[in-house]
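Presented below is the structure to which this report refers.
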Amino acid sequence: MSEKLIEIDDRDGIVRLTITRPKALNALNSAVLAELEAVLTDLEKRDDLRAVLITGSGEKSFVAGADITEMREKTPEEARAFASQALRTIKRLETLPVPVVALVNGFCLGGGCELALACDWAVASDNAVFGQPEVLLGVIPGFGGTQRLPRRVGPAMALDLVTTGRKIDAQEALRIGLVNRVMPQAELEAYADELTKQLSGNGPLAVRGAKLAVHDGMEQDLDSALALETALFAFCFASDEQSEGMSAFVEKRKPNF
Ligand code: CAA
């Protein structure tokens, strides 16, 4: 049987996905993308899903990009199909109804950076290296980088990165808002555990509602987005979660969601 390219660790609905192609620094080829899409298709159906963490195997690389060896001989039509497969898969990760967090444990280049950009937020080890080096290979980013990067860090910084192809370290990634936190690699595990504990203690419907409000609201004008927030806020009051959460506060105990 062939080895799994996506390892799954499921702790009561907090699911950690590890891209496992260490010999190629976890580069994304069509087999990895197909397996990831199949995993996401299963996760989308789960009502008990509470969060997804995604990382790369080993201590050197999150994802070093799309697979250059596989892309090298592609025709324009084949390149379009490869990019479409990746965009579809990455979109499914982005639109999971729960928080999706990238644990960036090393090289985060090209398609790897584009994968991290589709996550709700990213934390990085202090040895992480980011960049969209596609122009060095004679192409442009093809997995969403020209669109999600400017939305996250602003058009000037995105243009700096996609036209020079320069690599930046974790501290610069933090400064420009590409990642939320930087920590020694040895602490990423403890961060993941802490996050798991935190998210497990929160109302699962409320967490989903908060993500929906931010994602859908960002696509709308402010008044429509505020109306969406009001609708979702009111909807919370139809749930057991709201009565449990507020009763627990008043009764000075921990809520049991
Ligand atoms: N695709 C395929 N294989 C890759 C790869 C990639 N993106 N990145 C690394 N590898 C492979 C290497 O070929 C090497 O394989 P072999 O041992 O069989 O030779 C192995 O991983 C280890 O890599 P290195 O020996 O190069 O390791 P290093 O520590 O010297 O360098 C690195 C690490 C700086 C990340 C370097 O590997 C590198 O520059 N990789 C390519 C990064 C890149 O350009 N990414 C963008 C790809 S294009 C893209 O993603 C397009 C898009 O938007 C869709």
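Each ligand, and each atom within it, is numbered from 1 in the order the structure gives.
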Problem - Asn105 backbone acceptor or donor facing Gln185 side chain under 3.5 Å - result: yes
Exercise for the section: With sequence neighbours excluded, give me every salt bridge (charged side-chain N to carboxylate O under 4.0 Å, His left out) pair touching residues 179-191. Expected result: Arg16-Glu189
Exercise for the section: Sequence neighbours left out, what pairs pass salt bridge (charged side-chain N to carboxylate O under 4.0 Å, His left out) with at least one residue falling in residues 217-237? Expected result: none
Exercise for the section: Using a strict 4.0 Å threshold on nitrogen-to-oxygen distance, state whether Asp120 and Lys211 make a salt bridge. Expected result: yes
Fill in the blank from the handout: By chain and number, the residues contacting ligand 1 below 4.0 angstrom (heavy atoms only) are Lys23, Ala24, Leu25, Ala27, Lys60, Ala64, Gly65, Ala66, Asp67, Ile68, Thr69, Met71, Phe107, Leu109, Gly110, Gly111, Glu114, Pro133, Glu134, Leu137, Pro141, Gly142, Phe143
Side chains of residues 106-117: which donor-acceptor partners sit under 3.5 Å, not counting sequence neighbours?
unit_1: Glu114; atom_1: OE1; unit_2: Gly111; atom_2: N; d: 3.2
unit_1: Glu114; atom_1: OE2; unit_2: Gly142; atom_2: N; d: 3.4
unit_1: Glu114; atom_1: OE2; unit_2: Phe143; atom_2: N; d: 2.9
unit_1: Glu114; atom_1: OE2; unit_2: Gly144; atom_2: N; d: 3.3
unit_1: Glu114; atom_1: OE2; unit_2: Gly145; atom_2: N; d: 2.8

Problem - N-O pairing of Asp10 and Arg50 below 4.0 Å - result: no
